[in-house]
Amino acid sequence: MKRNILITGGAGFIGSHVVRLFVNKYPDYHIVNLDKLTYAGNLANLKDIEDKPNYTFVRADIADLDEMRRIIARYNIDGIIHLAAESHVDRSIKDPFTFARTNVMGTLALLQAAKEYWEALPEKYEGKRFYHISTDEVYGALELTAPEGIESPFTTTASSAEHHHAYGEEFFLETTKYNPHSPYSASKASSDHFVRAYHDTYGMPTIVTNCSNNYGPYQFPEKLIPLFINNIRHRKPLPVYGKGENVRDWLFVEDHARAIDLIFHEGKNAETYNIGGFNEWKNIDIIKVIIKTVDRLLGNPEGHSIDLITYVTDRAGHDLRYAIDSRKLQRELGWEPSLQFEEGIERTVRWYLDNQEWMDNITSGEYEKYYDDMYSNR
Ligand code: NAD
Ligand code: TYD
């Protein structure tokens, strides 16, 4: 079937994996990647598919309503997968307004433009879909009731069989009440509410998914895993916030992209699905795994980089524990993570070490200027 799909934020970390998957897997679809190319957007993430005939890149700001109207009409868009966002908690603490503008107003502009376009068509919302990608951070923080970890209740699947820890009895469910703490999660929560409001008020076919922390290739090196890999390589300090006791549930980014593909095609309208890795780690433990893996792959003696660990002032409002129960997705659509964490982290570390040029390019600050020059006359 021919479809015209708009993917926003496709030059970012997760978006680039989703764009790549869709462009390669669905040659009959026209994939339009819409991205503002902020500091986090990087077209080098998509070098391998940029010349494909079913792929178009458009530089635009989702908060520009007229632009959204124009683009959705021009490409006759029938499906939207919305990932564009400001995504880093630490930046949101310093500059909450940018987060409200892009995540809230931008999502609203996209919803409104899609609504106007689809409602004016003879078939209206028939065959249309607005899929909003959100985060588990909207649910707030869970207690860390088992500081040493307990056996995870989610060990029934092949992929989670080896996974051992949970750090509490509570997990985020699709029904968990929203309780965001950071400006980032507050802006994502707000955007989620707007998406659901467009379903409830106008009948727009929407879906929301809330996913746990992603890791893998092409992640901007302000986030824990790529930042630490890069710092170890350059023998720079590894800033551990607080005591390093905070717990996150990590999912390999390609598994998230696979879930998005499945849910976009087979998910039920108006539903929410939680996506998680059944894979909780304390920051300090994951940091030790990263150090060990980088040292091994660089040929350093074991323990070589451990002294780079530097405890620093905790992040303001730092959520203690995130843990997703994604059994609804498993039960209803048959999705589960495909990769063991050990394998995922090995692939990730290897990728960053093998793609030093990608990293140097980003960290040099040159590339933002390059895109500004390249697209300045749009
Ligand atoms: P990212 O920061 O790597 O990429 C975001 C992309 O959005 C960039 O390419 C950026 O240029 C673009 N963008 C930002 N503002 C824009 C605007 N106003 N108009 C158009 N494009 C704009 O983020 P990511 O980690 O890939 O996250 C993608 C989505 O997934 C976000 O909505 C995020 O909230 C969500 N999410 C992320 C994670 C995670 O662990 N990274 C987990 C769950 C959910
Ligand atoms: P991050 O990758 O920013 O993701 P999120 O805040 O969305 O979960 O951070 C992951 C965890 O690592 C989080 O608990 C904060 C912590 N952290 C550090 O300890 N040091 C760092 O330099 C960074 C970036 C994060």
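Computed from heavy atoms alone, side chains included, the values below leave out hydrogens, waters and symmetry copies. One-based numbering, in listed order, for ligands and for the atoms of each. Since we're looking at a predicted model, the values are computed, not measured.
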Is there at least one pair of N or O atoms, one from [X] and one from ligand 1, spaced under 3.5 Å apart?
X    : answer
N213 : no
A63  : no
K36  : yes
F13  : yes
N42  : no
H256 : no
S87  : yes

### Sub-4.0 Å heavy-atom approach of Y215 to ligand 1
no

### Message
For A60, state whether at least one heavy atom is located under 4.0 Å from any atom of ligand 1.
### Response
yes

### Task
Give yes if a backbone or side-chain nitrogen or oxygen of D90 is under 3.5 Å from a nitrogen or oxygen of ligand 2, and no if not.
no

### Query
Has Y184 got any heavy atom lying under 4.0 angstrom from an atom of ligand 2?
no

### Task
Quickly, which of K128, K2, R129, R3 forms a salt bridge (charged side-chain N to carboxylate O under 4.0 Å, His left out) with D78? Name it, please.
R3

### Validation row: N246, D319 side chains within 4.5 angstrom (heavy atoms)
no

#### Entry: Expected output: side-chain Y218 to main-chain L46 donor-acceptor under 3.5 Å
no

#### Entry: Option with minimal heavy-atom separation from atom 42 (C) of ligand 1, where the choices are A40, G216, S212
S212

### Message
My understanding is that we take every heavy atom of each candidate and find the minimum distance to atom 26 (O) of ligand 1. Doing that for V253, I14, D64, L37, which one comes out nearest?
### Response
I14

### Message
Checking Y167 against E148: is there a side-chain donor and acceptor pair closer than 3.5 Å?
### Response
no

### Task
May I ask you to check whether Y215 and F341 place their ring centers less than 6.0 Å from one another?
yes

### atom 14 (O) of ligand 2 [closest protein heavy-atom partner, distance rounded to 0.1 Å]
H318 NE2, 2.7 Å

